[in-house]
Amino acid sequence: MTAETRHLPSAALPKVVGHRGAAGHAPENTLSGLRAAHELGIEWVEFDVMLTAEGTPVLFHDETLDRTTDGTGRLADRRWEDLRGLDAGSWFGPTFKGQRIPSLHEALALLGRTGMGANVELKPSEGQDATTGVITAKTLQESWPANLPAPLISSFSEKALGAAADQAPEFPRALLVWEFPADWQARCEALGATGLHASAKHLTEAQARGVIDAGYALRVYTVNDPAQAAGLYAWGVESLFSDYPERLSAP
Ligand code: G3P
Ligand code: MG
């Protein structure tokens, strides 16, 4: 990244963002999950994007299909036409039988109709980091609904995020971290990321205040407990990702 591309438009997210749609209410990363978030009155959702074998971006979290569909094996080994028939809802509950793995295009169309913004998390399967960043960013450039605020792109994969930055420097970015890294700021600068998305499990108050004092947007996942949320908001955290977004009230 060059010096000019480091300071990019930052994203302004609401206090609560639906995690994987609204993962406590409907199967994660499905259209029913996005609809559930909208019905709860949620303004922004987060979801994960992975590529199929031929490079179609779809909403999916795990490396393999086993936990959340009736398929088995790696999603990245299967073509979109084979994945479309899988049931991605029954594992969550019988009323969701027949929910499919949505393509990113289908999800974007639903966002446009509902007016919800989105944090698009790049979730590359093994070895697909750069390709996932480029294809997802290109899809967002081509098909992001014009009525919505720009999408926020995030990833644990710095390679994927860097590739997305090169493809679409106009979109705000955030680096995702699990254990809080001492060199978080250098990593964000290298990626032109204006936000840090940290795990609630590892974040301390001193770390949180350090990020915020440095001028970065700090957002935290995954928070479902209102008391924990109140504490994080008191530290100055901008937004929380929640499976039950309706439980968390803004300060
Ligand atoms: O983007 C926030 C959160 O979704 C990151 O973790 O594993 O739920 O994608 P994960
Ligand atoms: Mg995610």
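Counting starts at 1 for both ligands and their atoms, in listed order.
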- Item | Metal-centred angle, OD1 of Asp48 through the Mg ion (ligand 2) to OE1 of Glu121, rounded to 10 degrees | 90°
- Between Tyr221 and His19, does the ring centre distance come in under 6.0 Å? no
- Item | Glu46/Arg20 ion pair, N-O < 4.0 Å | no
- Query: Looking only at non-hydrogen atoms, which of Glu46, His19, Arg219 approaches atom 1 (O) of ligand 1 most closely?
  - Reply: Glu46
- Query: Between Leu176 and ligand 1, which part of the residue brings a heavy atom under 4.0 Å of the ligand: side chain, backbone, both or neither?
  - Reply: side chain
- Task: Considering heavy atoms of the protein only, find what lies nearest to atom 7 (O) of ligand 1 and give residue, atom and distance to 0.1 Å.
- Result: His61 NE2, 2.7 Å
- Message: Between Ser155 and Ser157, do the side chains contain a donor N or O and an acceptor N or O under 3.5 Å apart?
- Response: no
- Query: Looking at ligand 1, does any of its N/O atoms fall within less than 3.5 Å of an N/O of Tyr221?
  - Reply: no
- ligand 1 atoms nearer than 4.0 angstrom to some heavy atom of Arg20 are 7 (O), 8 (O), 10 (P)
- Message: For N/O/S atoms only: which one belongs to Glu46 and is nearest the Mg ion (ligand 2)?
- Response: OE2
- Message: Counting only heavy atoms from other residues, nucleotides and ligands, does the tally under 6.0 Å from CD of Glu126 exceed 12?
- Response: no
- Query: If only atom types and distance count, is the side chain of Thr52 paired as donor or acceptor with the main-chain N or O of Thr56 below 3.5 Å?
  - Reply: yes
- Query: Are Gln207 and Thr204 linked by a side-chain donor-acceptor pair shorter than 3.5 Å?
  - Reply: yes
- So, for Trp184 and Tyr216, is the gap between ring centers shorter than 6.0 Å? yes
- Message: Looking only at protein heavy atoms, which one is nearest to atom 6 (O) of ligand 1, and what is the separation?
- Response: Phe156 CE1, 3.7 Å
- Query: Counting each atom of ligand 1 from 1 as listed, which ones have a heavy atom of Lys123 under 4.0 Å away?
  - Reply: 7 (O), 9 (O), 10 (P)
- Considering the heavy atoms of Asp48, write down every atom of ligand 1 situated less than 4.0 Å from one of them. 9 (O)
- Heteroatom proximity flag, Glu121 to ligand 1, N/O under 3.5 Å: yes
- Task: Would you please say whether a donor-acceptor pair under 3.5 Å links the side chains of His25 and Glu246?
- Result: yes
